[in-house]
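Here's the structure, in structure tokens; my notes come after.
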Amino acid sequence: MKIILNGKEDILPEGITVAGLISLKKINPDTIIVEYNYELVKSELWPDIFLKENDRLEILRLVGGG
């Protein structure tokens, strides 16, 4: 299945959720926010969102600093 992840095509297994994608990519969920099809989604909802063909996902990392 093809999705657009951070502006680039990515191929993922069928039936994967947002939480599954984050785990698959080995991303620390405590340091990111997720925009799913142009809407921010709370981390509590990530396990319930099953990705579909041509979905758009932006994973933004939070960076601290001064």
Side-chain angles (χ1 to χ4, degrees):
M1 166 183 66
K2 179 188 75 172
I3 69 163
I4 306 299
L5 175 60
N6 291 348
K8 297 179 182 174
E9 283 189 14
D10 201 342
I11 304 298
L12 299 172
E14 294 287 336
I16 193 166
T17 63
V18 171
L21 168 67
I22 291 166
S23 177
L24 179 73
K25 299 290 186 181
K26 300 184 183 343
I27 299 170
N28 180 350
D30 295 332
T31 63
I32 60 170
I33 57 173
V34 173
E35 183 183 277
Y36 172 68
N37 290 334
Y38 305 106
E39 292 188 26
L40 289 176
V41 290
K42 295 180 178 179
S43 59
E44 302 88 55
L45 300 176
W46 296 349
D48 300 326
I49 299 173
F50 288 85
L51 298 174
K52 302 176 297 296
E53 185 82 14
N54 296 318
D55 275 347
R56 300 185 76 85
L57 211 66
E58 294 288 329
I59 296 177
L60 306 169
R61 292 181 194 261
L62 304 174
V63 178

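Because only heavy atoms are used, hydrogens play no part in the values below, and waters and symmetry mates are left out as well, while side chains stay in. Source: prediction; values computed, not measured.
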Residues in side-chain contact (heavy atoms from CB on, under 4.5 Å) contact with Leu62, at least two apart in sequence or another chain: Ile33

Results of side chain to side chain donor-acceptor pair (under 3.5 Å) for Asn6 - residues two or more places apart only: none

Solution key, residues 34-42 side-chain donor-acceptor pairs under 3.5 Å, sequence neighbours excluded:
residue : atom : partner : partner atom : Å
Tyr36   : OH   : Lys52   : NZ           : 3.0
Tyr36   : OH   : Asp55   : OD2          : 2.9
Asn37   : OD1  : Arg56   : N            : 2.7
Asn37   : ND2  : Asp55   : OD1          : 3.1
Tyr38   : OH   : Arg56   : NE           : 3.0

Hphob cluster co-occupancy, Leu51 + Leu60, side-chain heavy atoms under 4.5 angstrom: no

Path from Leu5 to Ile32 over hydrophobic side-chain contacts below 4.5 Å: yes

Set of residues satisfying side-chain contact (heavy atoms from CB on, under 4.5 Å) with respect to Asn28, sequence neighbours excluded: Asp30, Thr31

Side chain Glu53, main chain Lys2, donor-acceptor under 3.5 Å: yes

What donor-acceptor contacts under 3.5 angstrom involve side-chain atoms of residues 7-27, with partners at least two apart or in another chain?
residue : atom : partner : partner atom : Å
Asp10   : OD2  : Lys25   : NZ           : 2.7
Thr17   : OG1  : Ala19   : N            : 3.4
Thr17   : OG1  : Gly20   : N            : 2.9

Joint hydrophobic cluster, Leu45 plus Phe50, side-chain heavy atoms closer than 4.5 Å: no

